[in-house]
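Report on one structure; see the data block that follows.
Keep in mind that the numbers below use all heavy atoms, side chains included, and drop hydrogens, waters and symmetry copies. Counting convention: from 1, in listed order, for ligands and their atoms alike.
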Amino acid sequence: MLILLKSGASAVQIEAISARAKELSLIPQPVRSGSLELLSLTGATAAVDPAAFASMPGVARVMNLSAPFRLASREFRREDTTVDVAGVRIGPGTFTVMAGPCSIESPAQAADAANAVKAAGAPVLRGGLYKPRTSPYSFQGLGAEGFALMDTLRAQTGLRFVTEAIDEQSLEQVEAHADMIQIGARNMQNFSLLRRAGRSKLPVLLKRGMSATLEEWLNAADYVLSGGNPNVVLCERGIRTFNTHARNTLDLGVIPAARELTHLPILVDPSHGTGRATHVPAMACAALAAGADGLLVEVHPDPGHALSDGDQSLTPERFNALMKLLRQLAPAFGRAL
Ligand code: PEP
Ligand code: MN
């Protein structure tokens, strides 16, 4: 059960609501969502009539939620949420493409990638500085020393920048230098990292864990949302299945399913979702048709020499062609690129 408090509800009123909850053997927990103040009640809520709270002073609305996640749910917010990434909107009516290399490797590679992304018309540059790699011997990213480079490129190109935080320390650096914090698939259930992201002012791109159910993914979003950060964008990036024809199975079916359950925007990453550059354009178009709010695409100036994920990275030429195609298709799906 979730109680939306009236703006300006007094401490005495909130205390009275909490006391009523405790009398009913429920556990009240204060939660913030942007400017909204809420009380989340847990315990045997099914046996409690919302009328017990509805007329109490300070109560705006009582929501009896059927899903375990709360702030991500459609029951909490009926209308689709638009997330603002430093002036770039992600949500209904738009199709937002974030693109760039898997890893930022060098000043020249980053500049070439940024220029290609900008020339093709995508507003947000992606690029990992902290890379969660399967092998400890693989390239781990430039780390903190890459931020100065990205500051310069951001200023030169006007592109927004999204990059991954892998722990609380790197999240603080990302906060100081980027426009959006990426939480990777491997960290989707790193609950202390999610809680830290919940205290951030920056929007969060939350990738789906490679074996996470939709419900687990939305619960992960609630970890961020319940910390007070209302700006979460989900990103489907493929899940582990028995298939051997691709790196992952891009689960586009999760988009309409998620739409029913959540108001949060959803991006699709066809690069990690397929692992193959030749498969990316088809799945990018399919993501648009499936109702995604945009894409996260890997683009590298020289994929053959990439330090990570070269096989799935588009060349600037292929990316430009994809953007042209998406620009033609988007209006048919009610989206502007
Ligand atoms: C990435 O975006 O480069 C990445 C590591 O993605 P994921 O967390 O989805 O594997
Ligand atoms: Mn990658």
Side-chain angles (χ1 to χ4, degrees), residues 85 96-105 109-110 113 117 122 124-136 138-143 146 150 160-167 170-171 174 178-190 193-194 197 203-212 214 216-217 220-221 224 232-241 246-252 254-255 266-277 279-280 283-284 287 292 294-315 319:
V85 179
T96 307
V97 180
M98 305 184 175
C102 179
S103 303
I104 300 296
E105 300 169 4
Q109 175 256 14
V117 166
V124 183
L125 178 66
R126 63 144 289 149
L129 290 168
Y130 290 95
K131 296 305 301 177
R133 303 302 302 279
T134 302
S135 162
S138 300
F139 178 60
Q140 304 286 309
L142 294 181
M150 299 318 294
R160 282 40 167 198
F161 180 47
V162 58
T163 194
E164 181 166 353
I166 54 170
D167 51 27
S170 54
L171 194 145
V174 170
D179 301 293
M180 185 177 216
I181 305 162
Q182 179 172 328
I183 305 265
R186 290 157 191 81
N187 274 315
M188 191 207 83
Q189 284 186 317
N190 180 339
L193 184 61
L194 295 174
V204 173
L205 182 64
L206 179 61
K207 299 192 91 175
R208 180 182 180 187
M210 54 190 80
S211 59
L214 173 54
E216 287 163 345
W217 191 15
V224 180
V232 175
V233 176
L234 302 168
C235 181
E236 159 62 28
R237 47 79 72 205
I239 52 172
R240 279 265 164 98
T241 68
R247 182 178 181 184
N248 289 296
T249 296
L250 188 64
D251 180 13
L252 291 180
V254 83
I255 296 171
I266 311 165
L267 299 189
V268 167
D269 171 353
S271 307
H272 294 85
T274 62
R276 306 200 183 177
H279 298 189
V280 167
M283 298 316 280
L295 300 173
L296 186 70
V297 186
E298 288 188 340
V299 177
H300 194 288
D302 182 7
H305 290 96
L307 296 183
S308 61
D309 288 351
D311 290 349
Q312 66 194 33
S313 298
L314 297 182
T315 59
F319 178 59

Checking side-chain polar atoms at under 3.5 Å, does Gln312 have a donor or acceptor matched by the opposite partner on His279?
no

Residue pairs fulfilling salt bridge (charged side-chain N to carboxylate O under 4.0 Å, His left out) with at least one residue in residues 300-311, sequence neighbours excluded:
Arg247-Asp309

Are Met180 and Phe161 side-chain neighbours, meaning at least one heavy-atom pair lies under 4.5 Å?
no

Between Glu164 and Lys207, is the closest basic N to carboxylate O distance under 4.0 Å?
no

Go ahead and list the nitrogen or oxygen contacts between ligand 1 and the protein that come in under 3.5 Å, distances to 0.1 Å, or just say none.
residue: ligand 1; atom: 2 (O); partner: Arg126; partner atom: NH1; Å: 2.7
residue: ligand 1; atom: 2 (O); partner: Arg126; partner atom: NH2; Å: 3.4
residue: ligand 1; atom: 2 (O); partner: Gln182; partner atom: NE2; Å: 3.0
residue: ligand 1; atom: 2 (O); partner: Lys207; partner atom: NZ; Å: 3.0
residue: ligand 1; atom: 3 (O); partner: Arg126; partner atom: NH2; Å: 2.9
residue: ligand 1; atom: 3 (O); partner: Lys131; partner atom: NZ; Å: 2.9
residue: ligand 1; atom: 3 (O); partner: His272; partner atom: NE2; Å: 3.2
residue: ligand 1; atom: 3 (O); partner: Glu298; partner atom: OE2; Å: 3.3
residue: ligand 1; atom: 6 (O); partner: Lys207; partner atom: NZ; Å: 2.9
residue: ligand 1; atom: 8 (O); partner: Ala185; partner atom: N; Å: 2.8
residue: ligand 1; atom: 9 (O); partner: Lys207; partner atom: NZ; Å: 2.9
residue: ligand 1; atom: 9 (O); partner: Arg237; partner atom: NE; Å: 2.6
residue: ligand 1; atom: 10 (O); partner: Arg186; partner atom: NH1; Å: 2.9
residue: ligand 1; atom: 10 (O); partner: Arg237; partner atom: NH2; Å: 2.8

Test of understanding: with side-chain hydrogen bond (donor to acceptor under 3.5 Å, both in side chains), list the residues that count as partners of Ser103, not counting sequence neighbours.
Ser308

Classify the side-chain pair Gln109/His305 by whether it contains a donor and acceptor separated by less than 3.5 Å.
no

Hey, which of Leu142, Thr163, Leu125 is the one that makes side chain to side chain contact (heavy atoms under 4.5 Å, CB included) with Met150?
Leu125

Report the C-alpha separation of Val297 and Val280 in whole Å, then their side-chain angles, then the decisive distance to 0.1 Å, and conclude whether the side-chain contact (heavy atoms from CB on, under 4.5 Å) test is met.
CA-CA 8 Å; Val297 186; Val280 167; 4.2 Å; yes

Side chain proximity check, Thr315 to Pro303, heavy atoms < 4.5 angstrom:
yes

Residue and atom names of protein N/O/S atoms that fall under 2.8 Å from the Mn ion (ligand 2)
Cys102 SG, His272 NE2, Glu298 OE2, Asp309 OD2

